Amino acid sequence: MIKLDLEPLMAGFEYDIYSLVKAFYPTEEIKTDSMEETEVSLWIGIKYKTEEELLLITWEDRQKGEKEQRLVEVLKAEQNGDRKAIKNCLKRGIYQILSEKTKKELPWGTLTGIRPVKIPYAMLEEGKSEEEIAYFIQNTYLTGEEKIRLSIEIAKRERELLKGIDYQNGYSLYIGIPFCPTRCLYCSFPSYPLKSWEKRVDQYLDALCWELEAVSQMLWVQGKQITTVYFGGGTPTTLTPKQMERLLKKVTETFDLRGSREFTVEAGRPDSITKDKLQVLYRYGVDRISVNPQTMNQATLDLIGRQHTVKQTQEAFQMARECGFTNINMDIITGLPGEKKEDMEYTMQELAKLKPDSVTVHSLALKRASRLNEQKEQYANYSSRNDVEITTMTERYAREMGLLPYYLYRQKNMTGNLENVGYAAIDKAGIYNILIMEEKQSIVACGAGSVSKRVYPDGRIERSENVKDVSQYIERIGEMIERK
C-alpha cells in the first residue's frame, strides 16, 4: 500500500500526483486518505516550506527503512500565479526521485493526460519549429525522444487532415449502441449483453430516434452542418438488419449528410457481422467500418471472452470487402493476458495478410470496472508484456503496410505507461477520431452513456451527459433531450 500525504496547499494537484505515482507503481493500491500506518509500505509526502518557498518531497520505503528528500523551487511560478508551471515543477521533482528509486523511466515522462498531441499541435499552430517543440516537451515533461518524434509527426498529419473543416458551424454526430454479444474481460464501457436485453432493443431505438429527431431540429435552427457521423458502442452490429435499417433510415432522413466527410460504423465483433448487415450499411452510405479482432491468437480470444474465432475475423473482413467497403479499420490490443512479443508479432503478420486500410493499436488499460481488474487474482498466473519494444514493433509493421500514424490518445492505468495509436493509409484516416481528441469541434452524442461536448470559439467546452443505464435512458429520454 502506498500513502500519499499531501498538504492542503496541494489542492488541485492530487489527481496529477496520483496518476504519476501510479505510472511507476501500476499494481500497487494508492491511498490519499487516513489509514493505519501499519498498512503503509511506501510513504510519499509533499510539504510546502513557506520560509524557503520550496516544496519538500519525501520518499520513504518503510519496508526497507530507506528515506530520501528532494527540494523543488516554485517561487517564480507562484509569483506569476501560474499553477500549470507549479504543477510541472512538482511533477518533475516527483518523477526524478521515483525514477531513481524504481530504476524506471516512463516513455511519456511526467505527461499523464490523455491528449499529449495537443501540445505539439498548439505549438505548430503558433508557428514553432519542430526543434523548438521537441526541446520544450523534453525539458518540461521529461518525455522520451521516440514519443516526442511520434507526437510531432501525428500533430503535423492531423493539421493536414483537418484543413478546411468548419469548427464553428460544423459538428460531428456520435450514436451509441450499448449492446454487445458478451462482455470482454478488459472492458469497462457501458455495455449490455444482448441475450439479456434483446426484448428491449426496439424500445431503446424508439428513445434514440426521438433524441435524434430533437437534436436535428436544434442544429437545423442554428444552421449547423454535419462533418462526420460515428456509430459506436458497445457493438452497433448487434442490431438485426431490420433494426439497423430503421436507425440508418432515421439518420439519413433526419440529417443533411451531403457535406459530411465520413460515415463510420464500428462493426466491431466479427461474430456480430453478417452479409445482410453489411449490405444495409453500404446501402445507406456508410463508408468506413471497423472489424476488430483485438488479437489473432485463438487462445487469447478464448481467455478474454470474445467468443469468436480467428477464422471468423478473416471471413468478416473478406465479406466486407466483397460488399464494397474500401475503408476498413482493425483494432488490436497489446498487453493482453498471456501474450508475449511473439504473439503480438503473429497478430501483426496476420493483419498484414488482410491488408486493412487502417489499424488502431491499443495498449491494455487496467480499468477499475473491468472483470480483469475485479477478478485479478483469477488471472494472476497469466503474465503479459507491454513495453516500448512491442509498440515499436507494431509501428514497424504498420508502416510496412503503408499505414502512417494519424491520431494518438492515452487512458488511465495503461500497462507500460504507453498509448493508443491509429495508423492509416494516406486517404483513409478516421476524421472523427482526430476531432474528438483535439476537441476543436462540437460533438453531439446520442444514446445511453454518450457525452456531448460543445466547443466554443474561445476554446471553452461544456458537456452534456446521457445516463448510462439503458432502462433509465428509455424512461428519461425527455430529460436527456432537455439537457441538450
Side-chain angles (χ1 to χ4, degrees), residues 16 18-28 91 95 98-99 102-120 134 137-138 141-155 158 184-188 292 294-295 300 304 330-345 347-348 351 358-368 370 372-373 376 382-399 403-424 433 437:
D16 297 282
Y18 172 90
S19 299
L20 186 56
V21 175
K22 189 69 174 176
F24 279 100
Y25 300 96
T27 61
E28 294 285 343
K91 289 173 74 175
Y95 180 94
L98 293 185
S99 181
T102 61
K103 295 180 172 53
K104 284 176 21 179
E105 291 187 358
L106 303 179
W108 288 96
T110 66
L111 282 172
T112 53
I114 67 173
R115 297 178 173 86
V117 176
K118 291 186 81 168
I119 298 168
I137 296 174
Q138 202 284 322
Y141 305 107
L142 309 179
T143 306
E145 289 183 10
E146 281 303 302
K147 299 308 175 188
I148 294 173
R149 173 196 59 77
L150 181 63
S151 63
I152 293 175
E153 180 183 1
I154 290 173
E158 285 184 346
C184 297
L185 184 66
Y186 51 79
C187 184
S188 65
N292 299 335
Q294 313 304 18
T295 176
T300 310
I304 64 178
M330 301 188 85
D331 282 6
I332 61 168
I333 301 177
T334 62
L336 288 171
E339 291 219 336
K340 301 173 183 176
K341 182 186 176 184
E342 50 265 35
D343 298 307
M344 276 307 309
E345 188 156 16
T347 290
M348 295 304 295
L351 293 195
S358 60
V359 171
T360 307
V361 181
H362 296 266
S363 287
L364 180 67
L366 297 172
K367 296 290 189 175
R368 185 178 300 173
S370 68
L372 182 57
N373 187 58
K376 52 189 171 188
Y382 290 95
S383 62
S384 62
R385 183 181 167 190
N386 200 27
D387 53 32
V388 173
E389 186 181 349
I390 284 180
T391 56
T392 300
M393 179 269 292
T394 58
E395 179 182 354
R396 175 171 57 82
Y397 272 93
R399 290 182 185 276
L403 311 179
L404 302 176
Y406 77 94
Y407 91 112
L408 179 153
Y409 69 102
R410 305 180 70 216
Q411 294 170 275
K412 296 178 186 177
N413 304 325
M414 297 188 83
T415 56
N417 193 242
L418 294 164
E419 67 284 322
N420 304 324
V421 183
Y423 299 91
N433 291 330
M437 281 302 117

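On a predicted model such as this, the values are computed, not experimentally measured, just so you know.
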Does either side chain, that of Tyr409 or that of Asn433, offer a donor lying less than 3.5 Å from an acceptor on the other one? no

Quick one: side-chain contact (heavy atoms from CB on, under 4.5 Å) partners of [X], sequence neighbours excluded?
X: Asp16; value: Lys87, Lys91, Thr112
X: Ser99; value: Phe24, Tyr95, Glu105
X: Glu395; value: Arg149, Leu150, Arg399, Tyr423

How far does [atom1] of [X] sit from [atom2] of [Y], to the nearest 0.5 angstrom?
X: Glu419; Y: Leu111; atom1: CD; atom2: CG; result: 11.5 Å
X: Glu158; Y: Glu153; atom1: CD; atom2: CD; result: 11.0 Å
X: Asp331; Y: Thr295; atom1: CG; atom2: OG1; result: 12.5 Å
X: Glu389; Y: Met344; atom1: CD; atom2: CE; result: 12.5 Å
X: Thr391; Y: Lys147; atom1: OG1; atom2: NZ; result: 4.0 Å
X: Met437; Y: Asn420; atom1: CE; atom2: CG; result: 8.5 Å

Looking only at heavy atoms, which two atoms of [X] and [Y] are closest? And how far apart?
X: Leu408; Y: Pro116; value: CD2-CG, 3.5 Å
X: Tyr141; Y: Ile119; value: CE1-CD1, 3.7 Å
X: Pro405; Y: Val421; value: CB-CG1, 4.0 Å
X: Thr143; Y: Pro107; value: CG2-O, 3.6 Å
X: Leu106; Y: Ala23; value: CD1-CB, 3.7 Å

Is a side-chain donor or acceptor of Arg410 paired with a backbone partner of Trp108 at a separation under 3.5 angstrom? no

Do Ser151 side-chain atoms and Val117 backbone N/O form a donor-acceptor pair below 3.5 Å? no

Would you say [X] and [Y] make side-chain contact, with heavy atoms under 4.5 Å?
X: Leu351; Y: Val359; result: yes
X: Lys341; Y: Asp387; result: no
X: Tyr407; Y: Thr360; result: yes
X: Leu336; Y: Asp343; result: no

Matching residue for Ile333 among Leu364, Ile304, Asn292, Thr347 - test: side chain to side chain contact (heavy atoms under 4.5 Å, CB included): Leu364

The side chain to side chain contact (heavy atoms under 4.5 Å, CB included) partner of Ser363 among Asn417, Thr394, Leu418 is Leu418

Once salt bridge (charged side-chain N to carboxylate O under 4.0 Å, His left out) is applied, do any residues pair with Glu342, and if so which ones, sequence neighbours excluded? none

Residues forming a salt bridge (charged side-chain N to carboxylate O under 4.0 Å, His left out) with Glu145, sequence neighbours excluded: none

Is there any salt bridge (Lys or Arg N to Asp or Glu O under 4.0 Å) pair reaching into residues 106-116, and which pairs are they, with sequence neighbours excluded? Arg115-Glu439

Salt bridge between Glu345 and Arg396, side-chain N to carboxylate O under 4.0 Å? yes

